There are 2 protein chains.
Amino acid sequence: MAATKDPRPCSIADALTLVGEKYSLLVLREVCLGNGRFDQLVRNIGAPRDILATRLRRLVDAGILTKRVYSERPQRFEYRPTRAGLELEPVLLTLMAWGDRHLRGDDDRPMVVEHSCGHELLPVVSCSVCGSAVAHEDLTAHPQSPGWTVSGPTAAA
Amino acid sequence: MAATKDPRPCSIADALTLVGEKYSLLVLREVCLGNGRFDQLVRNIGAPRDILATRLRRLVDAGILTKRVYSERPQRFEYRPTRAGLELEPVLLTLMAWGDRHLRGDDDRPMVVEHSCGHELLPVVSCSVCGSAVAHEDLTAHPQSPGWTVSGPTAAA
DNA sequence: TCCGTGAGTTGGAAAAGCAAACCCTCACCT
DNA sequence: AGGTGAGGGTTTGCTTTTCCAACTCACGGA
């Protein structure tokens with residue numbers, strides 16, 4: 001008898017159990033910006049030190065960050081993103097763009113990201129096959145496990 | 001005297017105060033899939049009913065969801081994404097792709113999203129100006145508020 | 001009339017969050 | 001030798017959230 005507690009199997013949910021706790025994505029933000037030391041993280045994120053310590057352990061265990069020694073005697077550490085960590089950067093960029101668009105009057109953006117092409121980065125999510133930007137109406141979801149369905153538009157058996 | 005508690009101003013942080021609480025993005029997932037009714041959400045997400053109620057209120061207040069009546073007598077409701085909510089879908093897609101790649105042996109993906117071009121959607125985040133996929137090395141961050149700097153690669157005054 | 005469904009609310013225990021204080025190692029200054 | 005200060009955390013004690021089960025209320029159908 002399965003408990004009444006088996007939610008839809010989903011990689012979004014799985015990803016969020018790793019990086020969805022409070023502050024985890026902000027840690028990743030700082031680390032991607034190159035601010036990987038404990039006290040920098042405390043200051044720039046504004047998180048309690050103990051919680052930060054917990055998050056860092058978790059992110060290292062998950063293979064999203066690594067802890068590097070940048071000085072023996074006295075021993076000092078720095079957290080850096082792994083490959084997997086860097087591949088979460090698009091999530092941050094997309095979230096930042098959303099926040100800029102919906103939570104701020106245009107042009108009090110607290111940070112601007114510049115792309116190597118010379119312009120400000122305005123990230124778009126697109127289909128890597130056909131190259132066009134994805135819109136909700138163009139998507140059809142296909143759950144792979146029986147018993148899990150979708151209903152509305154964007155639906156499929 | 002500013003408290004010792006002013007973190008870096010950031011749209012990622014702001015966005016996460018709205019959608020970063022536990023279950024919020026899963027609610028958005030279900031709602032984007034067309035499963036917008038309370039009991040569907042409870043079942044598909046596996047969240048406690050009281051917390052779900054709290055999250056739904058918050059998301060509606062934030063303008064990310066709307067609560068629609070789909071039946072008077074007996075009164076029944078359905079939550080749907082607003083425009084702003086739909087614009088968060090790219091975040092979900094990116095997160096799902098990451099989870100599929102890093103948390104699963106390829107091909108036990110619990111859900112496949114099909115794009116209208118006929119292929120499975122493999123989302124990429126790209127620069128809307130030059131069209132090329134973004135890589136970490138191509139980015140330069142420019143904080144707009146004095147006092148907030150970045151250090152490593154990806155750094156800038 | 002009794003049962004089931006949808007959409008929540010309520011109450012109390014368990015877990016997580018928080019701020020401040022504390023600890024340890026080393027380096028530097030005097 | 002003693003004091004100061006930075007870096008990188010851990011400990012303590014309290015507050016806030018979560019969690020779970022049970023309960024409500026309004027209806028509709030058998």
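Residue numbers start from 1 in every chain, and the chains themselves are labelled A, B, ... in the order their sequence lines are given, proteins ahead of strands. This one's a predicted model, so the numbers in the text were calculated from it and none came from an experiment.
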**Request:** Please determine if a side-chain N or O atom of B:Arg55 lies less than 4.0 Å away from the OP1 or OP2 oxygen of D:dT17.
**Result:** no
**Complete:** By nearest-nucleotide position on DNA chain C, the 5'-leaning member of A:Ala47 and A:Glu72 is A:Ala47
**Item:** Rounded to 10 degrees, the angle between the two terminal axes of the helix from C:dT1-D:dA30 to C:dT30-D:dA1, each from five pairs
**Value:** 10°
**Prompt:** Are A:His102 and B:Glu87 close enough that a side-chain donor and a side-chain acceptor fall under 3.5 Å?
**Reply:** yes
**Asked** Could you give the distance from CZ (B:Arg76) to CZ (B:Arg37), rounded to the nearest 0.5 Å?
**Response** 10.0 Å
**Fill in**
Here the gap from B:Leu28 atom CG to B:Leu65 atom CG, rounded to the nearest 0.5 Å, amounts to 6.5 Å
**Request:** Rounded off to whole Å, could you give me the CD1-to-P distance for the B:Ile51 and C:dG8 pair?
**Result:** 15 Å
**Message:** Checking side-chain polar atoms at under 3.5 Å, does B:Glu120 have a donor or acceptor matched by the opposite partner on B:His115?
**Reply:** no
**Asked** Checking B:Arg43 against B:Phe38: charged group under 6.0 Å from the ring centre and within 45 degrees of the axis?
**Response** no
**Prompt:** Is the distance from OP1 or OP2 of D:dT17 to the nearest side-chain N or O of A:Lys22 less than 4.0 Å?
**Reply:** no
**Prompt:** To the nearest angstrom, how far is B:Leu26 atom CG from D:dT18 atom P?
**Reply:** 14 Å
**Message:** Between C1' on C:dA7 and CG on B:Leu41, what's the gap in Å once rounded to a whole number?
**Reply:** 11 Å
**salt bridge (charged side-chain N to carboxylate O under 4.0 Å, His left out) evaluation trace for A:Arg8 with B:Glu30** = CA-CA 10 Å; A:Arg8 178 197 294 281; B:Glu30 287 303 317; 2.6 Å; yes
Check nucleotides 7-12 of chain D against the protein and report each pair of N or O atoms closer than 3.5 Å, with its distance, or say if there are none.
from, atom 1, to, atom 2, distance (Å)
D:dG7, O4', A:Arg76, NH1, 3.0
D:dG8, OP1, A:Tyr70, OH, 3.3
D:dG8, OP1, A:Phe77, N, 2.9
D:dG8, OP1, A:Phe77, O, 2.8
D:dG8, N7, A:Arg49, NH2, 3.2
D:dG9, OP1, A:Lys67, NZ, 2.8
D:dG9, OP2, A:Tyr79, OH, 3.1
D:dG9, N7, A:Arg49, NE, 2.9
D:dG9, N7, A:Arg49, NH2, 2.7
D:dG9, O6, A:Arg49, NE, 3.4
D:dT10, OP1, A:Arg57, NH1, 3.4
D:dT10, OP2, A:Arg57, NH1, 3.3

**Prompt:** In whole Å, what is the span from the CG atom of B:Asn35 to the P atom of C:dA7?
**Reply:** 12 Å
**Prompt:** Should the pair A:Lys67 and A:Phe77 be classed as cation-pi, given the thresholds of under 6.0 Å to the six-membered ring centre and 45° from the axis?
**Reply:** yes
**Prompt:** Do we see a donor-acceptor contact under 3.5 Å between the side chains of A:Ser11 and B:Arg104?
**Reply:** yes
**Prompt:** Starting at the 5' end of DNA chain C, which residue's closest nucleotide do you reach first, A:Glu21 or A:Arg73?
**Reply:** A:Glu21
**Asked** Side-chain N or O of B:Tyr23 less than 4.0 angstrom from OP1 or OP2 on D:dC19?
**Response** yes
**Item:** Value in whole Å for how far the P atom of C:dA7 lies from CD1 of B:Ile45
**Value:** 14 Å
**Prompt:** How many angstroms lie between CG in B:Leu103 and CD1 in A:Ile12, if you round to the nearest 0.5 Å?
**Reply:** 12.5 Å
